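It should be emphasised that the depicted structure is a prediction, and the values quoted were computed from it without experimental measurement.
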Amino acid sequence: QVQLVESGGGSVQAGGSLRLSCEASGYSISSYCLAWIRQAPGKEREAIANIASGSTTLYAESVEGRFTISRDNAKNTVYLQMNSLKPEDTAMYYCARNSYRACPRVTADTASYNYWGQGTQVTVSS
């Protein structure tokens with residue numbers, strides 16, 4: 001069955017970097033859109049980046065220029081490189097997959113993603 005497992009979260013000071021990984025099993029990760037979605041305490045889920053089957057990437061304004069989503073098909077893994085981290089980036093980060101090759105706009109409802117990982121916590125201190 002489809003499984004997504006995130007790793008790489010942790011605590012970092014503002015201005016620092018982290019790289020999150022999302023390893024997929026049960027399917028080829030290049031076959032469908034995959035997104036990174038975060039949720040801070042008391043806030044709604046926010047999709048911040050996605051990568052389509054054809055490798056087109058989209059970013060939320062809040063992270064564009066600081067975060068980079070990429071994919072390693074041989075490792076069946078998608079990454080999120082996060083640089084210049086800010087305290088407002090503190091959240092639980094999830095990777096999630098839908099059942100389409102193309103990705104919706106980043107601001108679209110996250111309910112379209114039907115497979116989710118368990119999440120990895122990112123905490124940025126000032």
Side-chain angles (χ1 to χ4, degrees):
Q1 74 272 25
V2 174
Q3 282 194 316
L4 300 170
V5 179
E6 302 96 334
S7 62
S11 296
V12 65
Q13 289 194 328
S17 298
L18 285 173
R19 188 177 80 156
L20 306 184
S21 299
C22 172
E23 184 174 3
S25 59
Y27 82 104
S28 172
I29 203 164
S30 63
S31 296
Y32 300 102
C33 169
L34 191 137
W36 284 99
I37 297 166
R38 68 186 181 186
Q39 187 166 25
K43 295 189 176 181
E44 292 188 355
R45 292 184 301 193
E46 174 193 20
I48 56 172
N50 60 36
I51 183 165
S53 176
S55 298
T56 299
T57 57
L58 297 172
Y59 296 93
E61 286 187 14
S62 58
V63 305
E64 188 147 24
R66 300 187 298 123
F67 292 10
T68 303
I69 188 170
S70 63
R71 186 174 65 213
D72 185 333
N73 294 339
K75 295 183 178 180
N76 222 36
T77 299
V78 166
Y79 302 98
L80 185 69
Q81 177 67 42
M82 306 187 295
N83 299 328
S84 303
L85 283 160
K86 304 175 181 180
E88 51 264 43
D89 294 319
T90 295
M92 184 70 79
Y93 283 70
Y94 301 91
C95 62
R97 198 210 92 174
N98 67 12
S99 294
Y100 303 96
R101 296 180 65 83
C103 287
R105 65 186 189 283
V106 176
T107 54
D109 191 341
T110 58
S112 67
Y113 295 96
N114 48 0
Y115 296 96
W116 293 71
Q118 83 288 350
T120 186
Q121 177 68 38
V122 172
T123 302
V124 184
S125 58
S126 58

With distance as the sole test, does [X] use its side chain to make a donor-acceptor pair with the main-chain N or O of [Y] at under 3.5 Å?
| X | Y | answer |
| --- | --- | --- |
| Q118 | E6 | yes |
| T77 | K75 | yes |
| N76 | Y27 | yes |
| N98 | Y32 | no |
| R71 | S53 | yes |

Could you verify whether a donor N or O on one side chain and an acceptor N or O on the other, from [X] and [Y], lie under 3.5 Å apart?
| X | Y | value |
| --- | --- | --- |
| N73 | S28 | no |
| R38 | Y93 | yes |
| S126 | Q13 | no |

For this session: Start with the C-alpha gap between S62 and E88, add the side-chain angles, then the distance that decides, and say whether side-chain hydrogen bond (donor to acceptor under 3.5 Å, both in side chains) holds.
Result: CA-CA 10 Å; S62 58; E88 51 264 43; over 6 Å; no
Exercise. Would you call the rings of W116 and Y94 parallel, tilted or perpendicular if under 30° counts as parallel and over 60° as perpendicular?
Worked result: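 The arrangement is perpendicular - the two ring planes meet at more than 60°.
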For this session: Check A47 against A60 and note the closest heavy-atom contact, atom names and distance.
Result: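 Looks like O-CB, 3.8 Å.
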Spatial distance of atom [atom1] ([X]) from atom [atom2] ([Y]) [nearest 0.5 Å]:
| X | Y | atom1 | atom2 | value |
| --- | --- | --- | --- | --- |
| T123 | L85 | OG1 | CG | 10.5 Å |
| D89 | L18 | CG | CG | 10.0 Å |
| M82 | W36 | CE | CH2 | 8.0 Å |
| L20 | C95 | CG | SG | 9.5 Å |

Exercise. Under 4.5 Å between side-chain heavy atoms, hopping through other hydrophobics if needed: is there a path connecting F67 to I69?
Worked result: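 They do share one cluster, since a chain of ILVMFWY contacts under 4.5 Å joins F67 to I69.
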Exercise. Between V63 and L34, is there a shared hydrophobic cluster once you connect ILVMFWY residues whose side-chain heavy atoms come closer than 4.5 Å?
Worked result: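 Yes, V63 and L34 fall within the same hydrophobic cluster.
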Problem set entry | Geometric cation-pi criterion R66 and Y59, 6.0 Å radius, 45° cone |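 The answer is no, since R66 fails at least one limit relative to Y59.
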